[in-house]
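Here is the structure we will look at.
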2 protein chains.
Amino acid sequence: MATIRDVAKQAGVSVATVSRVINKLERVNPDTKQKVLDAIEKLNYKPNDVARSLYQRKSKMIALIVPDITNPYFPELARAVEDVANRSDYTFVLCNSDDSEQKERQYMQVLRQKQVDGFIVVTSTLAYEHIKDLNVPVVALDRIIDRKVPAVTVNNNDGAKTAVQHLLDIGCKRIAHISGPDDVDNAMQRKQGYLDVVSHYEWFEPGMVQNGDYHMDQSEQAMMKLLKAYPDIDGVFAGNDLMAVGALKALKKSGKKVPDEISVVGFDGISLGELTTPSITTVKQPIYKIGEQAARMLIDKINDPTTEQENVEYDVTFMERESTKRKEG
Amino acid sequence: MATIRDVAKQAGVSVATVSRVINKLERVNPDTKQKVLDAIEKLNYKPNDVARSLYQRKSKMIALIVPDITNPYFPELARAVEDVANRSDYTFVLCNSDDSEQKERQYMQVLRQKQVDGFIVVTSTLAYEHIKDLNVPVVALDRIIDRKVPAVTVNNNDGAKTAVQHLLDIGCKRIAHISGPDDVDNAMQRKQGYLDVVSHYEWFEPGMVQNGDYHMDQSEQAMMKLLKAYPDIDGVFAGNDLMAVGALKALKKSGKKVPDEISVVGFDGISLGELTTPSITTVKQPIYKIGEQAARMLIDKINDPTTEQENVEYDVTFMERESTKRKEG
DNA sequence: GCCTGTGATGTAACCGGTTACATGTAATAT
DNA sequence: ATATTACATGTAACCGGTTACATCACAGGC
């Protein structure tokens, strides 16, 4: 590999001049510049970014930490972040935390030693104390960490209320909820949205909320429990689409017809929800936009650390699909 | 940020001694060692990996280049690679190439300047010339680049033959194929497997192969064309599961009953295939294993560049699901 | 008492860039 | 003719690690 000193020698100039040519910051005599460019061409010189990073104390890398990229919500998010990173000449590092605080902290530690310039984090376990000493911009995504960490989220409460209200509108008389993990704020907000709408109904009982932990399998079991405890429920609001799919599986096994005997609504708007039979009515998040926004905010903050950033909350869109389309309206 | 010189000063030793303590390579007097450890503790010193990388000429990073992480085949693969990378103390960089040679080359160029230690690449456009000057280990995945680049793949031909044979076994009389892109070798192998089985049948016509480009939407259109041209086909082998889903959509719109009027088989074994109605019979690849193997091979090669590596081909597993389970066997 | 070997530690060069500061030259002002 | 200034370029320190080599103290052999 040719170094900047090789180029300097070849062009008969000093390394400073070569550096000036590659970085285009200061004026260089056109003739000299051409000599340098020729030398670069001839030696096929590519600057070593590690050396550059060392002096500049920045690496032009950002990292995204998600619980698990195989969860269908995250690939689209990752794609959005990577697209923005790439357009801004940042390298994109991906980490799977499995929702383990220990793994999250270790990733951040290790990457910080590699001078990663910023983090986008989807976490419900990390606290502000863990990130403040890292001395690096962090944007929270999908879940809020702390008032001091800017976050990009959606209006979960509104979305949940819309979903549950829709079930009522199409004639559901008893609506259950399969909730996400209690330690995830957006799961709590969705649950609260459900409660806001149904808690004053006479038929409502606390047991109509079952935890599905945002996973398909747990949700399938939760749905089974609900069917056993409340055989007459005719509507289910699942805290995310993955759990709606789990509910659908349980209902299929139990021989319940969706949507006519029981209607189902999910949350997120992952593409999987369009492909099931019946397709799943959902509250769609603008996932790609969220990722894009978070990445932009992060990069803005890296470029100018004095930027004060506010939380951004996106609105969700209700999407009616087959799982709530009853023949008798 | 404390540097190694700060630690040295604090502990009253030289930087070399501190370096010896952190790297545990040479003997250090226990008392001295303790002083250094205390200083590290006190200053909360973390070594700067960029400085280390500069001297060592390696970064402890590997990159995975995939066409698009939102394609459901890739998250599991990415997860596998990331898991291995993480266990081996490598940082994982993810790139989406959109199957563009230009993007692939640019990523590799940029990352090489960042001293990325190796690449795992899913590509059908990149050639050996493009990677040999990078002077860095590369493992090809899912698709073969060149005899000189070790690859991890599956036995596509066998899998395809098994799939088509199964359609014959359950009684299909005319079987069509929705193929992947012609420039992707595994797509060609799957098509060839189909042809190997059906081409000597009288009913076979070349028009029974339609290109679906490995995408759901194109496949839906391809299926529509097939139905129009050959209304009596009663079996479809799709080159991947995503296209099988597209075919299912088309069949649903056309009012064809799956599996009884027409049976469908896919390829890959992505989890989406279990969730459709009917669920999709498929030829399952050990996706996670493939990613793991590729990552291991890459890291082995990085650790010892003299390692000669052979291609690894995994066997596939036929998985019968609803889309081929006929009532009348 | 002198020589040699061993273990512990320090000094300084090195990795490959960037940039503050110095230097030199020519144009312009006085 | 001299001072001032702008421009072009070079020199060397710096970023924060690693490590070849030098140094030194001390033990053991003769």
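Per chain, numbering begins at 1; letters A, B, ... match sequence-line order.
Distance CG (A:Leu54) to C1' (D:dA13): 13 Å, rounded to an integer number of Å. Atoms CD1 (B:Ile4) and C1' (D:dC14) sit 16 Å apart, rounded to a whole Å. In this structure, CG of A:Asn48 is placed 7 Å from C1' of C:dG17, rounded to the nearest angstrom. Rounded to a whole Å, the CZ atom of A:Arg52 is 18 Å from the P atom of C:dC15. The distance between atom NZ of A:Lys58 and atom C1' of C:dT18, rounded to the nearest whole Å, is 12 Å. In this structure, NZ of B:Lys9 is placed 14 Å from P of C:dG10, rounded to the nearest angstrom. B:Met1 has its CE atom 14 Å from the C1' atom of D:dG17, to the nearest Å. As a whole-Å value, the separation of B:Leu43 CG from D:dG16 P is 14 Å.
The backbone N or O of A:Tyr128 sits nowhere less than 3.5 Å from a side-chain atom of A:His130 that would complete a donor-acceptor pair. Of the possible donor and acceptor atoms, one in the side chain of B:Asn48 sits under 3.5 Å from a partner among the backbone N and O of B:Val50. Judged by distance alone, the side chain of A:Asp185 and the main-chain N or O of A:Arg143 form no donor-acceptor pair under 3.5 Å. Remark: side-chain polar atoms of B:Ser59 are paired, donor with acceptor, to backbone N or O of B:Gln115 under 3.5 angstrom. With hydrogens and angles ignored, the 3.5 Å screen pairs a side-chain donor or acceptor of B:Gln309 with a backbone N or O of B:Met297. Remark: side-chain polar atoms of B:Asp117 are paired, donor with acceptor, to backbone N or O of B:Lys60 under 3.5 angstrom.
In the displayed structure, A:Lys132 atom NZ is contacted under 6.0 Å by more than 12 heavy atoms of other residues, nucleotides or ligands. Within 6.0 Å of the NZ atom in A:Lys9, the count of heavy atoms belonging to other residues, nucleotides or ligands does not exceed 12.
Residues from residues 105-117 of chain A that place a heavy atom under 4.0 Å from any atom of DNA chain C: there are none.
Taking 4.5 Å as the limit, some side-chain heavy atom of B:Ile22 sits within range of a side-chain heavy atom of B:Ile40. At least one side-chain heavy atom of A:Thr91 sits under 4.5 Å from a side-chain heavy atom of B:Leu111.
Between B:Tyr55 and C:dG17, a side-chain N or O to OP1/OP2 separation shorter than 4.0 Å is absent. Between B:Ser19 and the phosphate of D:dG17, there is no side-chain N or O to OP1/OP2 separation shorter than 4.0 Å. One finds no side-chain N or O of A:Gln56 lying less than 4.0 angstrom from the OP1 or OP2 phosphate oxygen of D:dC14.
Comparing D:dT18, C:dG16, D:dG16 against the side chain of B:Ala51 picks out D:dG16 as the nearest.
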Polar atoms only, N or O, under 3.5 Å: list the protein pairs with nucleotides 8-10 of chain D and their distances.
from   : atom 1 : to      : atom 2 : distance (Å)
D:dA8  : OP2    : A:Arg27 : NE     : 3.0
D:dT9  : OP1    : A:Thr32 : OG1    : 2.3
D:dT9  : OP2    : A:Asn29 : N      : 2.8
D:dT9  : OP2    : A:Thr32 : OG1    : 3.4
D:dG10 : OP2    : A:Ser14 : N      : 2.7
D:dG10 : OP2    : A:Ser14 : OG     : 3.0
D:dG10 : OP2    : A:Thr17 : OG1    : 2.6
D:dG10 : N7     : A:Arg20 : NH1    : 3.4
D:dG10 : O6     : A:Arg20 : NH2    : 2.7

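When each of A:Val13, A:Val28, A:Val7 is tested with A:Val21 by the rule side chain to side chain contact (heavy atoms under 4.5 Å, CB included), just one qualifies, namely A:Val28.
Using a 4.0 Å heavy-atom cutoff across all strands shown, A:Asp49 reaches no nucleic acid atom at all. A:Arg57 comes within 4.0 angstrom of sugar-phosphate atoms only, judged by non-hydrogen atoms across all strands, and of no base.
Side-chain contact, B:Thr70 with B:Asp68: a donor N or O sits under 3.5 Å from an acceptor N or O.
Between the side chain of B:Arg5 and the base of D:dG17, at least one donor-acceptor pair of N or O atoms lies under 3.5 Å.
Across its full length, the helix from C:dG1-D:dC30 to C:dT30-D:dA1 shows an angle of 60° between the axes of its 5 terminal pairs at either end, rounded to 10 degrees.
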